[in-house]
**Student:** 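After the structure tokens below, expect a handful of questions from me.
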Protein chains: 2
Amino acid sequence: MSVGHTGVTTLEGPQGHEHEQDCGIREVLDRIGDKWSVLVVVELAAGVRRFRQLQRAVPGISQRMLTLTVRRLERDGLLTRSVYPTVPPQVEYELTKMGHSLHTQVRGLADWAAAHRDAVVESRRRFDRERAQSELQ
Amino acid sequence: MSVGHTGVTTLEGPQGHEHEQDCGIREVLDRIGDKWSVLVVVELAAGVRRFRQLQRAVPGISQRMLTLTVRRLERDGLLTRSVYPTVPPQVEYELTKMGHSLHTQVRGLADWAAAHRDAVVESRRRFDRERAQSELQ
DNA sequence: CCGTATCCGAGGCGATACTG
DNA sequence: CAGTATCGCCTCGGATACGG
């Protein structure tokens with residue numbers, strides 16, 4: 001894998017595909033299927049953000065993961081990173097047009113989740129209950 | 001965590017959230033953000049499938065992961081599992097109405113991916129090239 | 001403030017072997 | 001055919017410390 005650069009744990013996201021038989025879905029998931037990307041996109045959809053702002057806006061994220069996440073999104077052309085050589089340094093992140101178009105799709109999923117959350121919860125409850133039943137014998 | 005049942009490694013998917021500050025997005029990702037769920041949903045969107053059929057349709061998936069994946073989707077009410085006590089046993093999986101509605105959203109993402117794949121690839125190329133540059137000094 | 005480097009644990013997932 | 005049980009790798013990601 002040609003270890004040439006300074007070893008940022010790899011910017012390539014999850015990792016290499018191999019088969020490619022599906023549609024482009026695996027491709028998307030390998031991009032934004034990780035723990036934080038989507039949340040960052042959503043936050044940035046609301047407007048320009050600085051590093052700290054992002055970190056505060058996305059509750060559990062660590063500094064390391066925020067860095068990795070925005071770098072990958074930048075690499076994919078989903079956001080831009082603007083460095084202002086002030087003191088202290090200041091960096092602004094902003095969604096690109098493509099980033100916003102992705103956000104639209106993500107909104108779709110979020111809306112779906114909101115609309116079906118109750119049904120999912122109820123389904124799980126039933127499933128678990130019935131499962132508990134059959135375990136008594 | 002009340003280890004009561006037969007230990008299927010947990011059907012709860014990824015694992016428990018904790019903060020909940022975002023929208024319902026983390027929720028969706030915890031459901032279908034794993035390696036296989038979406039691919040199974042997509043395949044089932046085409047029609048009823050049996051276990052083997054699914055496994056063949058989703059190239060890299062192992063027997064274990066297919067089992068876990070369909071169980072979780074069933075638990076969430078996204079698909080139904082019908083067992084026919086024939087010999088040999090025969091089990092059919094079919095998307096529920098809710099499963100199909102999810103599929104619609106997933107299609108949206110897939111279409112987005114298809115529409116922007118080239119742009120993403122190009123963006124990466126540029127990013128990596130420029131990165132290689134600055135590494136020479 | 002904005003990163004990067006290193007260490008390390010947790011668990012997702014694959015391989016394999018075994019039941020009904 | 002459909003599913004379960006074990007085992008172990010390997011990668012993601014959190015904690016921490018340091019640099020510009």
Side-chain angles (χ1 to χ4, degrees), chain A residues 1 3 5-19 26 29-37 39-40 49-56 58-72 74 81-93 131 134-135, chain B residues 1 3 5-19 26 29-40 49-56 58-72 74 79 81-93 131 134-135:
Chain A
M1 198 211 234
V3 239
H5 52 57
T6 26
V8 195
T9 320
T10 185
L11 277 184
E12 311 234 339
Q15 94 233 35
H17 32 237
E18 44 221 31
H19 296 275
R26 165 47 46 68
L29 258 59
D30 283 351
R31 272 319 88 200
I32 59 157
D34 70 320
K35 197 172 180 183
W36 302 111
S37 294
L39 296 182
V40 169
R49 293 289 185 272
R50 295 176 49 186
F51 192 84
R52 279 289 176 191
Q53 286 185 301
L54 269 179
Q55 188 162 20
R56 277 188 295 265
V58 183
I61 198 168
S62 66
Q63 196 157 310
R64 166 187 150 83
M65 287 318 294
L66 181 54
T67 302
L68 282 173
T69 302
V70 292
R71 277 301 178 289
R72 297 207 263 248
E74 184 195 3
R81 176 173 173 271
S82 307
V83 182
Y84 301 98
T86 59
V87 170
Q90 182 167 341
V91 181
E92 287 186 351
Y93 296 93
R131 194 154 228 271
S134 61
E135 238 162 63
Chain B
M1 197 208 238
V3 240
H5 53 56
T6 26
V8 194
T9 319
T10 185
L11 276 184
E12 310 235 340
Q15 95 232 37
H17 33 234
E18 44 221 34
H19 295 277
R26 163 51 44 68
L29 257 59
D30 283 350
R31 271 319 87 199
I32 60 158
D34 71 319
K35 198 171 180 182
W36 301 112
S37 294
V38 171
L39 296 181
V40 169
R49 294 287 186 274
R50 296 176 48 186
F51 192 85
R52 279 288 176 192
Q53 285 183 300
L54 270 179
Q55 187 162 21
R56 276 188 294 267
V58 183
I61 198 169
S62 66
Q63 195 158 313
R64 166 186 152 81
M65 286 318 295
L66 182 53
T67 301
L68 282 174
T69 301
V70 291
R71 278 299 178 290
R72 296 207 263 248
E74 184 195 4
L79 59 77
R81 176 172 171 273
S82 308
V83 182
Y84 302 98
T86 59
V87 171
Q90 182 168 339
V91 180
E92 287 185 350
Y93 296 93
R131 195 153 226 271
S134 59
E135 237 162 64

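Reminder, nothing fancy here: chain letters follow the sequence lines and each chain counts from 1. No experiment lies behind these values; they were computed from the predicted model shown. FYI, side chains are in, hydrogens and waters are out, and symmetry mates aren't considered; it's all heavy atoms of this structure.
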**Student:** At less than 4.0 Å, is any side-chain N or O atom of A:R71 found next to OP1 or OP2 of C:dT4? Yes or no.
**Tutor:** yes
**Student:** How many Å lie between CD on A:Q53 and C1' on C:dC2, as a whole number?
**Tutor:** 13 Å
**Student:** Which one, D:dC1, D:dG20, D:dG13, comes nearest to the side chain of A:R72?
**Tutor:** D:dG13
**Student:** Check nucleotides 14-19 of chain D against the protein and report each pair of N or O atoms closer than 3.5 Å, with its distance, or say if there are none.
**Tutor:**
| from | atom 1 | to | atom 2 | distance (Å) |
| --- | --- | --- | --- | --- |
| D:dG14 | OP1 | A:K35 | NZ | 3.1 |
| D:dG14 | OP2 | A:S62 | OG | 3.4 |
| D:dG14 | O6 | A:R64 | NE | 3.2 |

**Student:** Send over the distance from A:L68 CG to D:dG13 P, rounded to a whole Å.
**Tutor:** 9 Å
**Student:** Separation of A:L29 atom CG from C:dC13 atom C1', in whole Å?
**Tutor:** 15 Å
**Student:** Let me confirm one number: the CZ-CD1 distance from B:R72 to B:I32, rounded to the nearest 0.5 Å.
**Tutor:** 13.0 Å
**Student:** Do the non-hydrogen side-chain atoms of B:E92 and B:F51 ever get within less than 4.5 Å of each other?
**Tutor:** no
**Student:** In whole angstroms, how far is the P atom of D:dG3 from the CZ atom of B:R52?
**Tutor:** 11 Å
**Student:** If you round to the nearest 0.5 Å, how far is CZ of A:R81 from OH of A:Y93?
**Tutor:** 4.5 Å
**Student:** How is A:Y93 classified with respect to the nucleic acid when contacts are heavy atoms under 4.0 Å: base, sugar-phosphate, or nothing?
**Tutor:** sugar-phosphate
**Student:** Would you tell me if any nitrogen or oxygen in the side chain of B:R49 comes within less than 4.0 Å of OP1 or OP2 on D:dC1?
**Tutor:** no
**Student:** Hey, is the main chain of B:R50 close enough, under 3.5 Å, to the side chain of B:Q53 for a donor-acceptor pair?
**Tutor:** yes
**Student:** CG of B:L66 versus P of D:dC1: gap in Å, rounded?
**Tutor:** 13 Å
**Student:** Would you compute the distance between atom CH2 of A:W36 and atom CG of A:L68 and round it to the nearest 0.5 angstrom?
**Tutor:** 13.0 Å
**Student:** What is the distance, rounded to the nearest whole Å, between atom CD of B:E74 and atom P of D:dA2?
**Tutor:** 15 Å
**Student:** Just report the end-to-end axis angle for the helix from C:dC1-D:dG20 to C:dG20-D:dC1, five pairs per end, to 10 degrees.
**Tutor:** 40°
**Student:** Give, for atom CD1 of B:I61 and atom CG of B:L54, the distance between the pair rounded to the nearest 0.5 Å.
**Tutor:** 8.0 Å
**Student:** Go through the structure and list residues passing side chain to side chain donor-acceptor pair (under 3.5 Å) with A:T69, not counting sequence neighbours.
**Tutor:** none
**Student:** What is the separation between atom CG on A:D34 and atom P on C:dG11, rounded to the nearest whole Å?
**Tutor:** 18 Å
**Student:** Is the closest side-chain heavy-atom distance between A:R26 and B:K35 below 4.5 Å?
**Tutor:** yes
**Student:** Measure the CE-CG distance between A:M65 and A:D34 for me, rounded to the nearest 0.5 Å.
**Tutor:** 6.5 Å
